[in-house]
Each structure stands twice: as C-alpha cells, then as structure tokens.
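In this chain, residues are counted from 1 in sequence order.
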Amino acid sequence: MSETRRKLTTIFCADVQDYTRLMGADEEGTLASLKRCREAMGRLIESHGGRVVNTWGDGLIADFPSVVEAVRAAVDTQNELAGFNARRPADGRMLFRIGINLGDVIVEGDDIYGDGVNIAARLQTSAAAGGIVISSTVYDQVRNKVAVGFEFLGPLMVKNVDEGVPSYAVKIGDTRDETPPAERSGSARPQPAPAPVMAAAKAETTPAPGGRRLYGVLGVIAGALIGINLLSWQGVFWARFPVLALAVVAALAWNRDQTRFNRKITLLAILALGLAGINLFTWTGQFWAIWPILGIAAVMGLRWSMRR
C-alpha cells in the first residue's frame, strides 16, 4: 500500500480545446501534434522545477513547489505553443487551456487528489483557448513577481466547494514588466517573441466555429420571423418579441465564450438591455424598466468596486 499524506502545492492542469473535433478531422495528425505539444510542456514544466503527475487523453496534471514558477511555466508553455500553432491552419490548431491553483492536496504514491486538484481542473475549463486562469491564492503570490497582467473574473463555482473561488485570467500579451530587477537579472530564460503572443491573443478573440454557426442560425430564424410577419401583416409587429429573445440568446452565447470583460457583469448588462427592450416593445407611456435597471446597475457597481 502506498503511503498517504497531505501537502501544500501548486496544481497545474491543462487540456486541449476542441480535442474531439480535432480527432474526428485527423486522428493521426492530432495525436502527433498532441505528442509534440506534450513533450514541449513537459520540458518547460521540468525546467521550472515542476513534475508531471499524470496524463490522460488530452489532459495533463503537474505540481510545483513554487507558485511563481508554475505561472511562469504556464506562460512559457502558451507562448511556445502559440508559435507552433501560428504555422498551422486555423481549424487545425491545438490550443491548450491551463488552470492553476495553490491548495492542500492528498498525496498517494505519485498521484495527488482533493479539492485543490478539483479547483485547478475547474479553472482550466473556464480558461479561453490558449489562455490561463488562476485562483486568488495563486494571484496573491504572483501579482508582483511575473511579467504579465491579470483580469479579475469573479467567483467561480466549484463542485463540493461551498463558496465561489475568486479567479483571474492571465493576460499573456501584457507587456508591462512587473518582475523585480533582482529576479530579472538572475533569470537566464529568453523572453518569448511577440509574434506568437499576438497569435494567441488573436485566437482568443476570434469566435469559435460553433459560435459562428449559432449566430448564423439565430440570424436566419430572426429574418424568417420578420419576413413571415411582414408577408402576413395585419397591423401588428408580433415578431419583435421572438426576435428580442433570439438577440438575448445570442448575447448570452457570446458572453459564455468571451474573455475581454467580466462575465458576471456582462450578464447583468444583457439582462438590463433585455428588460429595456421589453419595456419599449410594450410601451404604454411609462418606463417601468428604470427601477429594475437601476437595481441591476447597483449590483454591477458593487461587483466592479469589489474587483481587486
């Protein structure tokens, strides 16, 4: 029986965005790319003092004794993989999502278990393709030690964890140098080239093929409803309500995939605009939506003021 113990460590979790689609399009090519990317990731993890704990399918878990080195390994990984993907067609890029958490874990043999690992895995699923999301425990340790920017994403709900886990997106393209001079002088690692960084940023802001298809379908449905309404015109523009509903669905789908703004705040803004649209479409001379909109604005202001 392996000895079971606990330790505080930094958990690094990664997997491939749209791996099933890539395998369906080209199994052998996808497996070759996965092997190459995994070898590069393992080399970078080791060079930063980390250890690959386990791999399965397209996923990987590693742990690090240093929080700073874990984040540096993640940034170096995404920059190197961005360079690899820049030479590939857009629909064949292998984009990894990475989540990092600092937490107490159970160690059994070479494996690690517990909420600390679960949180890292949940952070990873919330990251954009080619992006990194870290917990607040990681952010507190690295915010002035790694040359990247951070965007607060709000609390992230995790299974078996009562309270939301505050999380941050790592802005890899941020050129601000926040590394202390002593650390910069002691580091011999080359700085990543800007071209791969820009390629990764472009990949994050480009709508996924599934998102584009959804917007197209919703647009066709909205156009068809308007056309039916006009062709059967009886003095009532009844299509305005289903079209408004379709617009809200499209906005919610966009908010689910975007990383530029805080998703919770953007969700409240979408709700406020939906209420305003209903009020205008049912206008009776009174702007009743002002009160719920003011309430939503107050909540948005509170969430914004609580950003770190």
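Atoms CG and OG, from L123 and S167 in turn, are 6.0 Å apart once rounded to the nearest 0.5 Å. Atom CZ of R51 and atom OG1 of T9 lie 8.0 Å apart (nearest 0.5 Å). Remark: I100 CD1 to T137 OG1 distance equals 10.5 Å, nearest 0.5 Å. Note that CD1 of I172 and OG1 of T77 are 9.5 Å apart. Values are rounded to the nearest 0.5 Å. With rounding to the nearest 0.5 angstrom, the OG atom of S33 is 8.0 Å from the CG atom of D26. The distance from the SG atom of C37 to the CG atom of L95 is 9.0 Å, given to the nearest 0.5 Å.
Checking side-chain atoms of R240 against main-chain N and O of F281 turns up a donor-acceptor pair under 3.5 Å. Within the 3.5 Å criterion, the main-chain N or O of F84 finds no donor-acceptor partner in the side chain of R88. No donor-acceptor pair closer than 3.5 Å links the side chain of N101 to the backbone N or O of S136. R21 contributes a side-chain N or O that, together with a main-chain N or O of D91, makes up a donor-acceptor pair within less than 3.5 Å.
Side-chain contact check for K171 versus F150: every heavy-atom pair is 4.5 Å or farther apart. Between Q17 and F96, the closest side-chain pair of non-hydrogen atoms is not below 4.5 Å. Under the 4.5 Å side-chain criterion, counting only non-hydrogen atoms from C-beta, L102 is not in contact with Y139. Side-chain contact between Y215 and V220: absent, with no pair of heavy atoms (C-beta onward) separated by less than 4.5 Å. Looking at V68 and Q141, their side chains never come closer than 4.5 Å, going by heavy atoms from C-beta outward. Counting heavy atoms from C-beta on, the side chains of L225 and W238 come closer than 4.5 Å. Residues Y19 and L34 form a side-chain contact, since some pair of their non-hydrogen atoms from C-beta on lies under 4.5 Å apart. The shortest distance between side-chain heavy atoms of V243 and I221 does not fall below 4.5 Å.
A continuous path of ILVMFWY side-chain contacts below 4.5 Å connects V217 to I228, so both sit in one hydrophobic cluster. Connection of L246 to L214 is established within a shared hydrophobic cluster, with ILVMFWY side chains joined at heavy-atom distances below 4.5 Å, either directly or through further cluster members. Tracing side-chain contacts under 4.5 Å through hydrophobic residues (I, L, V, M, F, W, Y), one reaches L267 starting from V248; they form part of the same cluster. Hydrophobic clustering of Ile, Leu, Val, Met, Phe, Trp and Tyr side chains at less than 4.5 Å, counting indirect connections, unites L268 with L275. Hydrophobic clustering (side-chain heavy atoms under 4.5 Å, transitive across Ile, Leu, Val, Met, Phe, Trp, Tyr) keeps I61 apart from I132.
Under a cut-off of 6.0 angstrom, the local environment of CH2 in W291 is sparse, with at most 12 non-hydrogen atoms contributed by other residues, nucleotides or ligands.
Side-chain contact, S47 with R43: no donor N or O sits under 3.5 Å from an acceptor N or O.
Between G116 and V105, the closest heavy-atom pair is CA-CG1, 4.3 Å. Closest heavy-atom contact between A14 and Q124: CA-CG, 4.1 Å. Smallest separation of non-hydrogen atoms from G59 and D15: CA-CB, 4.0 Å. The shortest heavy-atom contact between A289 and N279 is N-OD1, 2.8 Å. Closest non-hydrogen pair, A128 versus R97, comes out as O-CG, 3.4 Å. The shortest heavy-atom contact between F12 and M41 is CE2-SD, 4.0 Å.
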(message) Could you go through I226 and L230, starting from their C-alpha distance and side-chain angles, then the distance that decides it, and tell me whether this counts as side-chain contact (heavy atoms from CB on, under 4.5 Å)?
(response) CA-CA 6 Å; I226 293 173; L230 294 177; 4.0 Å; yes
(message) Before you tell me yes or no, could you show the steps for M94 and T30 under side-chain contact (heavy atoms from CB on, under 4.5 Å), namely the whole-Å CA-CA distance, both residues' side-chain angles and the distance that decides it to 0.1 Å?
(response) CA-CA 8 Å; M94 183 160 286; T30 297; 3.7 Å; yes
(request) Evaluate the salt bridge (Lys or Arg N to Asp or Glu O under 4.0 Å) criterion for residues R72 and E69: first the C-alpha distance (whole Å), next the side-chain angles of each, then the deciding distance (0.1 Å), finally the verdict. (result) CA-CA 5 Å; R72 285 176 173 167; E69 292 302 322; 3.1 Å; yes
(request) Start with the C-alpha distance between T125 and R122, add both sets of side-chain angles, then the distance that settles side chain to side chain donor-acceptor pair (under 3.5 Å), and finish with yes or no. (result) CA-CA 5 Å; T125 60; R122 182 69 179 88; 3.1 Å; yes
(message) If you apply the rule side-chain contact (heavy atoms from CB on, under 4.5 Å), what do you find for W288 with I293, and how did you get there?
(response) CA-CA 9 Å; W288 53 261; I293 289 176; over 6 Å; no
(request) For N79 and V75, run side-chain contact (heavy atoms from CB on, under 4.5 Å): C-alpha distance rounded to whole Å, both residues' side-chain angles, the deciding distance at 0.1 Å, then the answer. (result) CA-CA 6 Å; N79 284 328; V75 172; 3.5 Å; yes
(message) Applying salt bridge (Lys or Arg N to Asp or Glu O under 4.0 Å) to K7 and D63, what does each step give before you reach the verdict?
(response) CA-CA 11 Å; K7 72 173 181 178; D63 70 343; 2.9 Å; yes
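By the 30° and 60° cut-offs, the orientation of the rings of Y168 relative to F152 is tilted.
Across V16, N54, I45, a single residue satisfies side chain to side chain contact (heavy atoms under 4.5 Å, CB included) together with L60, and that is I45.
Residues in residues 97-130 take part in no ring pair (Phe, Tyr, Trp, His ring centres under 6.0 Å) pair, two or more places apart or across chains.
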